[in-house]
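For the numbers below, each heavy atom of this structure counts, side chains included, while hydrogens, waters and symmetry mates do not. Keep in mind it's a predicted model, so treat the numbers as computed, not measured.
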Amino acid sequence: MSTERSDTIVIGAGQAGLATGYHLTRCGQRFVILDAHDRVGDVWRERFDSLRLYSPARYDGLPGWGIPAPAWSWPGKDEVADYFEAYAQRFALPIRTGTTVDDLSRAGDRYVVTAGTDRFEADNVVVASGTWQSPVIPDLAERLDPRIRQLHSSDYRNPSQLQDGPVLVVGCSHSGADIALEVSRSHRTTICGPVRGEVPFDLEGRLAHIAIPIMWFMANHVLTERTPVGRKMRTHVRSGGGPLLRVKRADLAATGVEHFPAKVTGVHDGRPVLDDGTALDVRNVIWCTGFRKDTSWIQIPVTGSDGWPEQSRGVSPDHPGLYFVGLPFLQAFASMLTGGVGRDAGYVAKHIAHRQTRAGLRPSAPTLT
C-alpha cells in the first residue's frame, strides 16, 4: 500500500468540501479533497428528479462565485450539480473522485486516511462528508408484505419506479410533502406523520422577496449556538424533521392526498399500521424518514453524548488538526446550507493556516512513498 503525504486532507467534495477547498487555496495551503463519487456534484444528481432548492439562487452560492442563475430563480438539483462541478474547475481544486474513504485514524502526530488500497497521511483532516449519510428505515419495514414496493427517499427518482396501486409516504417533512404531491398525480396517495409547522407564505410568491432576506439574516445571526433560541433550534433540527416549505398541507389536500398525523408503528397481515390502529392497504411505501450521521468510520473518539461530533466552530477540542464543516448548526442554522457553509469553511481554513504557521510548517507539495 503506497502512502501519499499532504498537509491537509478534506473528506468530501460537496458544498462543505468545496467551500473549504476555496478558502484553503486563498490561505496558501496545500491539500487534497477526496470524494467517493465519480463526478463532483453527483451527490445532487442522485436526488429525485423534480427536486429544487428551497432558497433562491441569490442565497445558494459558494464563496468566491455565486451560482450562475437569476437571483430569484429556484435551481434544480442538476443545476446545482453542474454548478459544483464548474466551481471545482474554476478554482482548480485538487479533487480525487472515485475515492471512497474507509476509515480515519491517528498515527503519532499525523492523521491516516485509508481508501481501498490507497493510504494518505496529513497534519490536518477536515471531515466535510455531508450532514447526514445513512438512510433511516424502521425495522418493521422487513415485515411488510414482500409484494409492496419499498423505497427510501434517497432511492426515489420519479413515479415511474412505483407499481400500480396506492402509495404511502412515511414522513411529513418537506421532502415527504414534495414527493407525495408528485406521486399523487398518478397514484392514490396517503402521507403520514406529524407536521412540524409550515412556512406561512408562498415560497416563490411576492411575499418571499421580503420574508426570505429576514429569514436568511436570522439563519446566520440569530439562530446560532450562542443564543438560547438557536441552541433550542439546534436540538430540534438534529433530532427531528423540518417544517413544510414549498408544499403545504393545503396543496396536498387539493390534489387528494390523505394525511394522517399518526406514525407507522406496526405491521398487521403485511400491511403498515399507524399508532392510532389504522391499517393501510397500499402497494408502495416511500420512506421519507430521514438520515443519521455516520461516524463509525472515524477510528477516533469524536462524538459527544448526543451522537454528533464535538467541535467548536468546526475545530475539534480534543484532537488538534481535526475539523468538521457542514454539520447542522456547526455555528448557526445556515451552516448546513449551500449559501451558509462558506463562513464556517473560512474559519476552519484560517485555523489550519495558523496551526501550520505555529508549528513552523511551510505548505509542501504532496509526496508519494
Side-chain angles (χ1 to χ4, degrees), residues 10 12-26 33 35 37-95 97 126 128-132 157 174-175 178 199 201-221 223 242 245-247 314 325-328 330-349:
V10 180
Q15 59 205 39
L18 295 176
T20 302
Y22 169 84
H23 284 294
L24 285 172
T25 299
R26 293 195 55 162
I33 302 175
D35 191 81
H37 294 87
D38 293 332
R39 292 174 61 191
V40 174
D42 275 354
V43 67
W44 280 87
R45 294 186 184 93
E46 294 171 358
R47 301 185 181 186
F48 62 91
D49 295 345
S50 61
L51 176 64
R52 291 184 295 144
L53 293 184
Y54 298 106
S55 54
R58 66 182 301 178
Y59 297 109
D60 299 330
L62 295 172
W65 182 46
I67 188 167
W72 284 96
S73 64
W74 304 81
K77 55 105 175 179
D78 289 330
E79 291 178 77
V80 177
D82 292 343
Y83 163 62
F84 279 9
E85 189 171 44
Y87 184 93
Q89 295 169 352
R90 184 184 185 95
F91 296 108
L93 300 181
I95 300 174
T97 56
V126 182
S129 54
T131 307
W132 292 278
R157 299 293 177 267
H174 44 269
S175 60
D178 287 1
V199 173
F201 58 88
D202 179 357
L203 204 63
E204 300 183 33
R206 284 187 174 183
L207 185 57
H209 290 238
I210 299 173
I212 288 179
I214 297 173
M215 293 171 64
W216 187 251
F217 177 85
M218 292 184 64
N220 282 279
H221 304 290
L223 300 177
L245 300 175
R246 180 172 284 111
V247 176
V325 179
L327 296 179
L330 185 139
Q331 179 186 184
F333 184 91
S335 293
M336 61 184 176
L337 304 179
T338 304
V341 72
R343 178 172 61 169
D344 299 330
Y347 181 87
V348 163

Lys77 and Asp49: CA distance, side-chain angles, deciding distance, side chain to side chain contact (heavy atoms under 4.5 Å, CB included) verdict: CA-CA 7 Å; Lys77 55 105 175 179; Asp49 295 345; 3.9 Å; yes
Minimum-distance pair of heavy atoms, taken over all atoms of [X] and [Y]:
{"X": "Ile95", "Y": "Ala13", "result": "CG2-CB, 4.1 Å"}
{"X": "Ala208", "Y": "Pro213", "result": "O-CD, 3.7 Å"}
{"X": "Ser73", "Y": "Ala69", "result": "OG-CB, 3.6 Å"}
{"X": "Ala332", "Y": "Ala219", "result": "CB-O, 3.3 Å"}
{"X": "Leu62", "Y": "Gln15", "result": "CD2-O, 3.8 Å"}
{"X": "Ala349", "Y": "His23", "result": "CB-CB, 3.5 Å"}

What distance separates [X] [atom1] from [Y] [atom2], expressed to the nearest 0.5 Å?
{"X": "Leu53", "Y": "Leu245", "atom1": "CG", "atom2": "CG", "result": "11.5 Å"}
{"X": "Ile210", "Y": "Phe201", "atom1": "CD1", "atom2": "CZ", "result": "10.0 Å"}
{"X": "Asp35", "Y": "Asp42", "atom1": "CG", "atom2": "CG", "result": "8.0 Å"}
{"X": "Asp78", "Y": "Leu51", "atom1": "CG", "atom2": "CG", "result": "9.5 Å"}
{"X": "Arg45", "Y": "His37", "atom1": "CZ", "atom2": "NE2", "result": "10.0 Å"}
{"X": "Tyr59", "Y": "Met215", "atom1": "OH", "atom2": "CE", "result": "10.5 Å"}

Could you tell me if the side chain of [Y] sits less than 4.5 Å from the side chain of [X], heavy atoms only?
{"X": "Trp74", "Y": "Leu203", "answer": "yes"}
{"X": "Val40", "Y": "Leu18", "answer": "yes"}
{"X": "Asp344", "Y": "Met336", "answer": "no"}
{"X": "Leu337", "Y": "Tyr54", "answer": "no"}

Donor-acceptor contact below 3.5 Å, side chain Tyr87 vs main chain Pro63: yes
Check: Arg157 side chain, Glu46 main-chain N or O, donor-acceptor pair, under 3.5 Å: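 Pair found, side chain donor or acceptor close to backbone of Glu46.
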Criterion side chain to side chain contact (heavy atoms under 4.5 Å, CB included) on Leu207 and Asp202, from CA distance to verdict: CA-CA 7 Å; Leu207 185 57; Asp202 179 357; over 6 Å; no
Tyr347-Arg343 side chain donor-acceptor pair, cut-off 3.5 Å: no
Donor + acceptor pair across side chains of Thr338, Asp60 (<3.5 Å): no
Salt bridge (Lys or Arg N to Asp or Glu O under 4.0 Å) partners of residues 203-214, not counting sequence neighbours, each pair once: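 For residues 203-214: Arg52-Glu204, Glu204-Arg246.
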Mutual orientation of the aromatic rings belonging to Phe91 and Tyr22 [parallel < 30°, tilted 30-60°, perpendicular > 60°]: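 Perpendicular, since the angle between the ring planes exceeds 60°.
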